[in-house]
Colleague: 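I'd like to ask some things about the structure below.
As the structure is a prediction and not an experimental result, all values here were calculated from the model.
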Amino acid sequence: MKRRFLTSLDYPLYEKMLVRAPKAARLWLIGDLLFQVGFLLIIMFLPILFYYLYEDGWVLGAKIGAGGIIFSFSVICIGIFLKRESYKLAIKAGIDVTKI
């Protein structure tokens with residue numbers, strides 16, 4: 001298995017899921033995408049939050065930054081949930097998820 005650039009550490013598990021549990025592979029892919037997008041959104045909203053905390057119009061900026069960070073954490077949590085469900089489906093299909 002050749003590991004692709006910028007993939008998750010459990011990508012070999014995804015390749016096993018593609019063969020034996022396609023639904024689990026779909027959930028894993030969506031969950032992994034949401035997890036990574038959530039971290040990128042946090043990286044985007046943290047500077048906005050701290051920039052506006054020290055400016056004159058800090059109330060609106062703080063609301064936007066805090067709302068964005070809360071949204072980002074919820075995206076990460078949905079991604080984690082979907083990956084967990086994909087692991088459950090993979091276990092039911094007979095894939096050992098502990099050996100990646």
Colleague: List for me each residue that meets side chain to side chain contact (heavy atoms under 4.5 Å, CB included) alongside Arg26, sequence neighbours excluded, and say none if there are none.
Modeller: Pro22, Lys23
Colleague: Which heavy atom in Ala90 sits nearest to a heavy atom in Ala24, and how many Å separate them?
Modeller: N-CB, 4.0 Å
Colleague: In this structure, would Phe71 and Ile48 fall into the same cluster of hydrophobic residues linked by side-chain contacts under 4.5 Å?
Modeller: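 Same hydrophobic cluster.
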Colleague: Say you draw a straight line from CH2 of Trp28 to CZ of Phe35; how long is it, rounded to the nearest 0.5 Å?
Modeller: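 Between atom CH2 of Trp28 and atom CZ of Phe35 there are 11.0 Å.
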Colleague: Quick one: side chains of residues 77-86, donor-acceptor pairs under 3.5 Å with protein atoms, not counting sequence neighbours, listed by atom name and distance.
Modeller:
| residue | atom | partner | partner atom | Å |
| --- | --- | --- | --- | --- |
| Lys83 | NZ | Asp10 | OD1 | 3.4 |
| Lys83 | NZ | Asp10 | OD2 | 3.3 |
| Lys83 | NZ | Asp32 | OD1 | 3.2 |
| Glu85 | OE2 | Lys88 | NZ | 3.4 |
| Ser86 | OG | Lys83 | O | 2.6 |

Colleague: So if I apply the side-chain contact (heavy atoms from CB on, under 4.5 Å) rule between Leu13 and each of Leu18, Thr98, Asp96, Val97, which one comes out positive?
Modeller: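 For Leu13, the side-chain contact (heavy atoms from CB on, under 4.5 Å) check succeeds only for Val97.
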Colleague: Would you give the length of the straight line joining atom NZ of Lys99 to atom NZ of Lys16, rounded to the nearest 0.5 angstrom?
Modeller: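 Reported value, rounded in 0.5 Å steps: 8.5 Å.
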Colleague: Side chains of Ile76 and Leu34, heavy atoms from C-beta outward: is any pair under 4.5 Å?
Modeller: no
Colleague: Show which side-chain atoms of residues 59-68 pair as donor or acceptor with protein atoms under 3.5 Å away, not counting sequence neighbours.
Modeller:
none

Colleague: First locate atom OH of Tyr87, then atom CE of Met17, and finally report the distance between them rounded to the nearest 0.5 Å.
Modeller: 6.0 Å
Colleague: Does Phe73 have any ring-ring contact (aromatic ring centres under 6.0 Å, His included) partners at least two apart in sequence or in another chain, and if so, which?
Modeller: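 ring-ring contact (aromatic ring centres under 6.0 Å, His included) list for Phe73, sorted by chain: empty.
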Colleague: Sequence neighbours excluded, which residues qualify as side chain to side chain contact (heavy atoms under 4.5 Å, CB included) partners of Val37?
Modeller: Leu33, Leu41
Colleague: Hydrophobic clusters here meaning ILVMFWY residues chained together by side-chain heavy-atom distances under 4.5 Å, can you tell me if Met44 and Leu40 are in one?
Modeller: no
Colleague: Check side chain to side chain contact (heavy atoms under 4.5 Å, CB included) between Leu29 and all other residues, then give those that pass, not counting sequence neighbours.
Modeller: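 Per chain and number, Leu29 pairs via side chain to side chain contact (heavy atoms under 4.5 Å, CB included) with Tyr14.
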